[in-house]
Amino acid sequence: MHPAPSVIVFTVLSGIGFGFLAFVAAGLLPVSGWGAFFVWGLGYGLAVVGLGASTFHLGNPQRALLAFTQWRSSWLSREAWASVVTLLVLAPMALSDWLGLGLPRGIGWLGAGLCLLTVAATSMIYAQIRAVPRWNLWTTPLLFLAFALTGGALLAGREVLAPLLCLGLAAALITTFLLGDQQFVRRGANLGTATGLDRIGAASVFELPHTGGNYLMHEMIHVVGRKHAMKLRVIAVICGAVLPAALVLLPGHLGIAFAVLVHLAGAFAARWLFFAEAEHVVGLYYGARG
Amino acid sequence: MTMLPATTEKKLGLVIDLDTCVGCHACVTACKGWNDQGYGVPLSDQNPYGADPSGTFLNRVHSYQVQPVDAAPQTINFPRSCLHCDDAPCVTVCPTGASYKRAEDGIVLVNEDACIGCGLCAWACPYGAREMDAAAGVMKKCTLCVDRIYNENLPEEDREPACVRTCPTGARHFGDLNDAESAVSRLVAARGGYDLMPEMGTRPTNKYLPPRKKDRPDQASLLAPLLDIKATGFAGWLDRMLGKI
Ligand code: SF4
Ligand code: SF4
């Protein structure tokens with residue numbers, strides 16, 4: 001699949017944003033006054049910038065509000081609702097922390113739960129697609145949630161929880177890579193089933209239907225850069241999970257800042273791979289396995 | 001509404017005969033021609049006369065080579081377009097309700113006025129049947145020529161999809177696959193029509209008819225046994241001697 005920058009920015013930033021908001025909302029980063037203003041502002045900022053980036057992916061963003069209508073069948077629509085409802089539910093908690101209104105923390109816990117639901121809904125946009133076997137697995141929601149929680153814990157500077165979550169993220173990444181590699185074959189689609197010509201023999205591409213490129217090839221048969229996949233996987237695990245686990249233990253805000261920046265670099269590498277490595281079955285028609 | 005109808009009254013669709021298709025691409029051109037001026041925005045082209053032309057098409061014709069175990073390879077021309085699936089994943093993923101499946105005839109359509117161009121439906125389709133129009137930013141797909149098949153301004157014989165109407169070899173058939181007595185249903189039954197990628201769980205309406213069994217060289221002629229000529233004389237002697245070494 002084509003690793004479009006808008007979608008990578010959307011999923012990475014909204015993921016860490018909602019993860020961070022979950023920690024702040026649950027009271028795991030006790031803040032008050034202007035400190036609270038900036039901390040909540042950072043969480044909201046990341047989530048909103050991420051959500052905003054997703055609209056750059058649209059052909060007709062002026063109609064984006066229509067995306068709220070099909071929540072009964074569409075994960076994209078559910079994600080839209082979940083993110084807006086979450087940001088609204090969290091607003092009183094944020095105001096309460098900032099202005100010292102003393103609202104019950106229960107609202108924050110509810111909001112924290114909604115944050116995780118939002119991230120899960122985002123992951124389901126991809127995980128639901130059977131035609132992309134690598135995504136169509138329980139590891140996709142696991143990975144998105146692991147990134148959100150780890151990023152959130154790092155930003156919140158949780159000195160025990162963050163390193164533990166980093167380890168969890170490393171395990172989630174490695175599981176995703178290993179199981180993902182087998183998914184295409186396990187799904188059982190090949191040129192024979194795609195054309196039905198397996199009935200008479202072994203099929204191969206004789207001639208392409210068009211000499212130029214098209215939307216399908218650009219969007220779904222992306223192959224550029226897959227040769228660096230192994231290096232990027234290592235970068236994703238080291239930068240996304242291993243290094244931040246140590247960096248976050250450095251004293252002061254500098255350690256947190258370093259840990260988060262290195263983690264974000266790993267997260268972008270991992271998300272780029274998430275798209276670039278995912279093979280769509282339509283590639284079979286074009287003789288690519290992806 | 002992107003909930004799928006539980007059942008559809010008719011299942012209008014295509015039956016494509018891989019035995020007769022000669023890969024002339026006439027259906028591709030007819031489709032592009034009709035849909036350039038019919039339903040929704042025109043099918044745009046980008047840089048059509050330049051070095052790197054591309055464009056939106058609703059129908060593409062591939063060519064494959066098939067190698068049977070015990071016979072010579074064959075060339076198969078393979079038209080690919082929307083299969084108007086019963087369990088259309090492209091419909092349920094759509095966040096806006098732009099994609100829908102009609103309860104009356106099963107045709108899967110895009111209401112372009114509601115499409116935000118997110119492209120998710122094209123990702124969800126295993127068959128590459130949807131292409132985003134690069135000029136208009138909305139999703140395009142086969143409409144089964146919904147603006148021809150019910151169009152009473154057209155002569156009766158033209159009330160079928162443009163690709164079917166134009167196919168010079170009669171490799172494309174249009175009809176109701178819900179009606180067991182329709183010509184298309186009987187064709188599917190007689191020829192063993194099949195679904196593409198059944199493992200995707202989409203339950204396509206369109207069916208493909210497999211290529212018929214080809215004659216084998218040893219079955220090719222009634223005179224074949226007589227053609228097994230034995231060499232005589234010096235050639236025969238040489239043949240026997242060489243055979244012994
Ligand atoms: S072929 Fe693709 S676009 Fe057409 S109905 Fe099936 S899934 Fe949808
Ligand atoms: S591209 Fe248009 S039709 Fe397709 S899922 Fe998005 S809004 Fe629906």
Side-chain angles (χ1 to χ4, degrees), chain A residues 1 54-55 57-64 66-80 125-126 128-132 187-189 191 193-197 199-216 218-220 280-286, chain B residues 1-4 18 28 52-57 60-69 71 73-76 78 80 89 91-98 114-120 122-128 131-134 136-138 194-201 208 210-211:
Chain A
M1 306 295 288
S54 72
T55 61
H57 187 62
L58 304 181
N60 280 285
Q62 76 282 7
R63 299 197 271 259
L66 283 171
F68 286 90
T69 60
Q70 304 302 314
W71 51 272
R72 288 196 298 160
S73 73
S74 164
W75 279 106
L76 183 45
S77 194
R78 289 172 195 160
E79 193 264 350
I125 297 171
Y126 307 100
Q128 69 179 332
I129 295 178
R130 292 177 71 122
V132 183
R187 179 51 44 84
L191 184 54
T193 67
T195 57
L197 295 174
R199 283 164 180 75
I200 50 177
S204 56
V205 170
F206 180 67
E207 209 173 25
L208 289 179
H210 41 94
T211 50
N214 72 350
Y215 171 75
L216 300 173
H218 176 255
E219 184 75 8
M220 281 169 274
H280 194 288
V281 293
V282 73
L284 294 169
Y285 289 107
Y286 285 84
Chain B
M1 181 49 73
T2 57
M3 301 293 283
L4 288 167
L18 298 181
V28 177
D52 183 23
S54 64
T56 315
F57 286 76
R60 307 266 189 185
V61 178
H62 295 250
S63 297
Y64 298 106
Q65 168 174 299
V66 188
Q67 176 65 68
V69 192
Q74 284 169 243
T75 310
I76 309 289
F78 185 93
R80 177 176 59 79
V91 170
T92 50
V93 298
C94 174
T96 62
C115 174
I116 56 174
C118 67
L120 195 55
W123 289 8
C125 171
Y127 309 103
E131 298 190 15
M132 179 100 73
D133 190 86
V138 295
Y194 60 80
D195 291 345
L196 304 183
M197 275 195 269
E199 64 275 13
M200 289 291 142
Y208 283 74

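Each chain gets a letter, A, B and so on, in the order its sequence line appears, and its residues count up from 1.
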Closer than 3.5 angstrom, by distance alone: can the side chain of B:Thr96 be matched with the main-chain N or O of A:Leu66 as a donor-acceptor pair?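 Not confirmed, B:Thr96 side chain does not pair with A:Leu66 backbone.
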Can you tell me which portion of [X] sits under 4.5 Å from chain A's heavy atoms? Options are side chain, backbone, both or neither.
| X | result |
| --- | --- |
| B:Thr92 | both |
| B:Pro89 | neither |
| B:Val93 | both |
| B:Phe78 | side chain |
| B:Cys118 | both |
| B:Leu196 | both |
| B:Ala134 | neither |

Side chains of B:Val66 and A:Thr195: does their closest heavy-atom pair fall under 4.5 Å?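 Not touching, per the 4.5 Å side-chain cut-off.
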Under a 4.5 Å cutoff for heavy-atom pairs, which residue among [options] has the most contacts with chain B?
| options | result |
| --- | --- |
| A:Ile129, A:Leu58, A:Thr55 | A:Leu58 |
| A:Gly201, A:Ser74, A:Ser77, A:Pro61 | A:Ser74 |
| A:Gly188, A:Ala64, A:Ser73, A:Ala131 | A:Ser73 |
| A:Gly196, A:Ala203, A:Gly212 | A:Gly196 |
| A:Arg187, A:Arg130, A:Met1 | A:Arg130 |

Which bit of [X] comes within less than 4.5 Å of chain B, counting heavy atoms only: side chain, backbone, both or neither?
| X | answer |
| --- | --- |
| A:His210 | side chain |
| A:Gln128 | side chain |
| A:Arg78 | neither |
| A:Ile125 | both |
| A:Arg199 | side chain |

Largest heavy-atom contact set with chain A, pairs under 4.5 Å, which of [options]:
| options | answer |
| --- | --- |
| B:Gly137, B:Gly117, B:Pro95 | B:Pro95 |
| B:Ala122, B:Ala71, B:Gly55, B:Gly201 | B:Ala122 |
| B:Tyr208, B:Tyr127, B:Phe57 | B:Tyr127 |
| B:Ala136, B:Pro210, B:Cys115 | B:Cys115 |

How about B:Tyr194: does its OH atom have over 12 heavy atoms from other parts shown lying under 6.0 Å from it?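 Counting neighbours around OH of B:Tyr194, more than 12 heavy atoms of other residues, nucleotides or ligands fall under 6.0 Å, so yes.
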Do you know which two heavy atoms are closest between [X] and [Y], and how far apart they sit?
| X | Y | answer |
| --- | --- | --- |
| B:Ser54 | A:Gly213 | CB-O, 3.3 Å |
| A:Ala189 | B:Glu199 | CA-OE2, 3.1 Å |
| A:Val281 | B:Pro126 | CG2-O, 3.5 Å |
| B:Ile116 | A:Arg63 | CG2-O, 3.3 Å |
| A:Met220 | A:Tyr215 | CE-CE2, 4.1 Å |
| B:Pro73 | B:Gln67 | CG-OE1, 3.5 Å |

Worked verdict on A:Val132 versus B:Trp123 for side chain to side chain contact (heavy atoms under 4.5 Å, CB included): CA-CA 8 Å; A:Val132 183; B:Trp123 289 8; 5.5 Å; no
Are A:His280 and A:Tyr285 near enough that their ring centres are under 6.0 Å apart?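 Ring centroids of A:His280 and A:Tyr285 are no less than 6.0 Å from each other.
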How far does CG of A:Leu197 sit from CG of B:Leu18, to the nearest 0.5 angstrom?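 It comes to 6.0 Å.
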Qualifying residues under side chain to side chain donor-acceptor pair (under 3.5 Å), relative to B:His62, sequence neighbours excluded: B:Tyr64, B:Arg80
